[in-house]
Amino acid sequence: MSVTQPETEDDPRLAFVYQESLRGLQQQQAAVESLHNRAGTLIFASSFASSLLGSRALADGLGAWDWLAIVLLLATGALAVVVLWPYYDLSFRFDAQDLLDTYIDTQAPATMARMHRDLALRIKADWHRNGRVVRRLREALQLALVVLLLNILAWLFSIAGLGS
């Protein structure tokens, strides 16, 4: 059983909860930006490895390892697109008009304590909703890194003449 205390205009506990919720959402946004940066690096590494190793591997014709390497290169690119795709359903901020309508431009404007409480709960919901997309982005990047490694191995096997 929880005991609720009346909200005061300046409840430091609610302000703390709000700030911590906001910090979590900002960290999530930074994680998305980091995934985008890493995907850009992945594209560079993939193109560099394929141009360097692919030119050597294709010098003696197109074999099975070369075809596999090309398919893996395309798969890496497709996974990078998944990570870099602009997901418009991510939410990292509030709509100013909605805040004004809900908390200020009403018959009884909200106290700061109520605003902190309500917004902390909205941030939690946004964080969870964003989490599904962020998890897919992270998994796509991880898979792309494995595919890049396989791509490099396929080029190396082609150069070495394995299976020819």
Using modelled atom types only, decide if a donor and an acceptor are shared between the side chain of S55 and the backbone of S51 within a distance under 3.5 Å. yes
Could you tell me whether R136 and E139 have a side-chain N and a carboxylate O separated by less than 4.0 Å? no
Kindly indicate whether the side chain of L145, heavy atoms from C-beta on, has any atom under 4.5 Å from the side chain of L149. no
Taking only residues at least two apart or on different chains, which pairs with a member in residues 90-114 satisfy ring pair (Phe, Tyr, Trp, His ring centres under 6.0 Å)? none
Among all residues two or more places apart in sequence or in another chain, which pass the side chain to side chain donor-acceptor pair (under 3.5 Å) test with Q142? none
Salt-bridge present (D118, R114; N to O < 4.0 Å): yes
Side chain to side chain donor-acceptor pair (under 3.5 Å) against Q97, all qualifying residues, sequence neighbours excluded: D101
Considering only distance and modelled atom types, tabulate donor-acceptor pairs under 3.5 Å from the side chains of residues 69-87, sequence neighbours left out.
unit_1: T76; atom_1: OG1; unit_2: L72; atom_2: O; d: 2.9
unit_1: Y87; atom_1: OH; unit_2: V82; atom_2: O; d: 2.9

Evaluate the side-chain proximity of H116 to D11: yes if any heavy-atom separation is below 4.5 Å, no if none is. no
In the single-linkage hydrophobic clustering (I, L, V, M, F, W, Y; side-chain heavy atoms under 4.5 Å), do V17 and L99 co-cluster? no
Side-chain polar contacts of residues 39-50 - donor-acceptor pairs under 3.5 angstrom, sequence neighbours left out - could you list them?
unit_1: T41; atom_1: OG1; unit_2: N37; atom_2: O; d: 3.2
unit_1: S47; atom_1: OG; unit_2: I43; atom_2: O; d: 3.1
unit_1: S47; atom_1: OG; unit_2: F44; atom_2: O; d: 3.0
unit_1: S50; atom_1: OG; unit_2: S46; atom_2: O; d: 3.1
unit_1: S50; atom_1: OG; unit_2: N151; atom_2: OD1; d: 3.2
unit_1: S50; atom_1: OG; unit_2: W155; atom_2: NE1; d: 3.2

Quick one: which residue pairs count as a ring pair (Phe, Tyr, Trp, His ring centres under 6.0 Å) with a foot in residues 119-145, not counting sequence neighbours? none
Hey, does Q29 have a side-chain heavy atom less than 4.5 Å from the side chain of L25? no
